[in-house]
Number of protein chains: 2
Amino acid sequence: MALRHAVLAALLDGEYSGYQLAKIFDLSVSNFWHAVPQQLYSELAKLETEGLISGRQIIQHDRPNKRVYTVTPAGIDELERFAAVPAKPGIIRENLLVMVQAVDHISAPAVITQLESRALVAAAKVELFERTLQHLRGDLDEEEYLRNASPVGPYLTCLRGRRFEQENYEWFTSTARLLRMRAGIQAEGETSA
Amino acid sequence: MALRHAVLAALLDGEYSGYQLAKIFDLSVSNFWHAVPQQLYSELAKLETEGLISGRQIIQHDRPNKRVYTVTPAGIDELERFAAVPAKPGIIRENLLVMVQAVDHISAPAVITQLESRALVAAAKVELFERTLQHLRGDLDEEEYLRNASPVGPYLTCLRGRRFEQENYEWFTSTARLLRMRAGIQAEGETSA
DNA sequence: CATGATTAGTCAGCATTTTGACTAGGATTG
DNA sequence: CAATCCTAGTCAAAATGCTGACTAATCATG
């Protein structure tokens, strides 16, 4: 019973189908919760039978019909209870860091390549979050938005996500550079003097 | 088949028992891989039957005997193969951020309390990592350590962990303060003018 | 005008993770 | 000197997560 609260929290923000939710999870929600589409479909079904969300069919003529969901008052109550008990500490699983942990014992170039490609991914995510934040706050500046605007929750989690990816970018980049240097490998664009 | 590489990577650094490894996972390794003790015991058993680690019994008289493990050459090969294929993107699951995402719809004080208590935890982790880094580098300064010293992998992942917890601390703290302000709740120590 | 991408899912089943209960002896603390 | 903590695990079962295969219609591309 863990995914359910992430789904409920994501649905607070609008009426979405499983398919749409899968995209949202892939982008913004992945900052604090990871889930693959199939998990969402089955969790939505369970949440609906439990009455925490309610779905309705949308007939579409240009593309397949879909079922969109909204959080019910019972769903809000569930979130309320969820927030009342201490959250379990967060978990991280990052294979690339496992590789770096082992880098003294294995071939460094493989790890360096991965660091460099993940740095690009991280940079793209930073930009995406940047745009999301701009979009959320519209023409207000950040301070004003934070002071008054609503909803503020998604903005705050997005701030955390952006920061996380910024730090990822910097660590991936500097770690790759360092390992290159130690291995005596020239970075792309560098030349030996 | 994912935990196995984290276990192998952790064991590169010395000869540990399941029990010791559980503590190590709880502290430093949790920066990049989360696992509970029972997972480690069963994973160690599997790794040993597969010949990727080898264990030996240590007879102790003052406390229960234990079985300690070291990575075999086959285990190193396994890590090598692991590093040769692109790592899956990392995953995060953080219930406290789920609560913040939902904060506009639920009781804010519950969330604020949790943010404040997790800020303390994060601050303690920062200090722990700080001490770990100092211990690893001994009397060298960081630049020199990074340039030459060995092993460098655990130092690098610890740097990432420290940074992550620093950012957690700052985000928890500033988010709690902001939510207090928006709710019109005085922070501890503050007084209304 | 065929090929592939996108939307919008379903179904079955394996794999992994987590929880909880239990053992057992020595060390520590009130 | 009884109660609790720490070391060092084992076992079974429940809960959760993930993979892969499949359907089916429309839209975009070459």
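It should be emphasised that the depicted structure is a prediction, and the values quoted were computed from it without experimental measurement. First the proteins, then the strands, lettered A, B, ... as listed; each starts at 1.
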Visitor: Should the pair A:Tyr155 and A:Tyr145 be assigned to parallel (<30°), tilted (30 to 60°) or perpendicular (>60°) ring geometry?
Guide: tilted

Visitor: Rounded to the nearest angstrom, tell me the gap between atom OH in B:Tyr41 and atom C1' in D:dG9.
Guide: 5 Å

Visitor: Can you measure A:Asn65 atom CG to D:dT26 atom C1' for me and round it to whole angstrom units?
Guide: 12 Å

Visitor: Would you mind classifying the nucleic acid contact of B:Gln60 as base, sugar-phosphate or nothing, using non-hydrogen atoms under 4.0 angstrom?
Guide: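 The residue B:Gln60 makes sugar-phosphate contact but no base contact.
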
Visitor: Say whether A:Leu159 and A:Tyr169 are linked into one hydrophobic cluster, either directly or through other cluster members, by side-chain heavy-atom distances under 4.5 angstrom.
Guide: no

Visitor: Please assess B:Leu27 against B:Thr132 for the test side chain to side chain contact (heavy atoms under 4.5 Å, CB included), listing each intermediate value before the final yes or no.
Guide: CA-CA 10 Å; B:Leu27 304 176; B:Thr132 303; over 6 Å; no

Visitor: OH of A:Tyr69 versus P of C:dA8: gap in Å, rounded?
Guide: 13 Å

Visitor: Counting side-chain heavy atoms from C-beta on, which of D:dG9, C:dG26, D:dT26 comes nearest to A:Asp62?
Guide: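 The nucleotide sitting nearest to the side chain is D:dT26.
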
Visitor: CD of B:Gln38 versus P of D:dA15: gap in Å, rounded?
Guide: 17 Å

Visitor: I need the CH2-P distance between B:Trp33 and C:dT16, as an integer number of Å.
Guide: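 Computing the B:Trp33:CH2 to C:dT16:P distance gives 11 Å.
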
Visitor: Does A:Lys23 reach a base, just sugar-phosphate, or nothing at all? Heavy atoms under 4.0 Å.
Guide: sugar-phosphate

Visitor: Would you please confirm or rule out a distance under 4.0 Å between OP1 or OP2 of C:dT7 and any side-chain N or O of A:Ser17?
Guide: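 Checking A:Ser17 against C:dT7: no side-chain N or O falls below 4.0 Å of OP1 or OP2.
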
Visitor: Please tell me if B:Tyr19 has a side-chain N or O lying less than 4.0 Å from either OP1 or OP2 of D:dT7.
Guide: yes

Visitor: Let me spell it out: for each of A:His34 and A:Pro64, pick the nucleotide of DNA chain D with the closest heavy atom. Which residue's pick is nearer the 5' end?
Guide: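 The residue whose closest nucleotide sits nearer the 5' end is A:His34.
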
Visitor: Would the distance check show the side chain of B:Arg182 and the main-chain N or O of A:Leu146 forming a donor-acceptor pair, the cut-off being under 3.5 Å?
Guide: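 The answer is yes, because a donor-acceptor pair under 3.5 Å joins these two groups.
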
Visitor: Among the nucleotides C:dT18, C:dA8, D:dG17, which one has an atom lying closest to any side-chain atom of B:Arg93?
Guide: D:dG17

Visitor: Touch check for B:Ser42, heavy atoms < 4.0 angstrom, all strands: base, sugar-phosphate only, or nothing?
Guide: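 It contacts nothing in the nucleic acid.
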
Visitor: Provide, to the nearest angstrom, the distance between the CD1 atom belonging to A:Ile91 and the C1' atom belonging to C:dT17.
Guide: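 It works out to 9 Å between those atoms.
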
Visitor: Less than 4.0 angstrom between a side-chain N/O of A:Gln39 and OP1 or OP2 of D:dC18, yes or no?
Guide: yes

Visitor: Between D:dT19, D:dG17, C:dT17, which nucleotide gets closest to the side-chain atoms of A:Val36?
Guide: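 Shortest atom-to-atom distance from the side chain points to D:dT19.
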
Visitor: Starting at atom CD of B:Gln57, determine the distance to atom C1' of D:dG9, rounded to an integer number of angstrom.
Guide: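 That distance rounds to 11 Å.
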
Visitor: It should be established whether A:Lys88 places a side-chain nitrogen or oxygen under 4.0 Å from OP1 or OP2 of nucleotide C:dT19.
Guide: yes

Visitor: Given atom CZ of A:Arg4 and atom P of D:dA15, what is their separation to the nearest angstrom?
Guide: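 Distance check: A:Arg4 CZ to D:dA15 P gives 12 Å.
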
Visitor: Would you give the length of the straight line joining atom CD1 of A:Ile106 to atom CG of B:Leu8, rounded to the nearest 0.5 angstrom?
Guide: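 A:Ile106 atom CD1 to B:Leu8 atom CG measures 10.5 Å (nearest 0.5 Å).
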
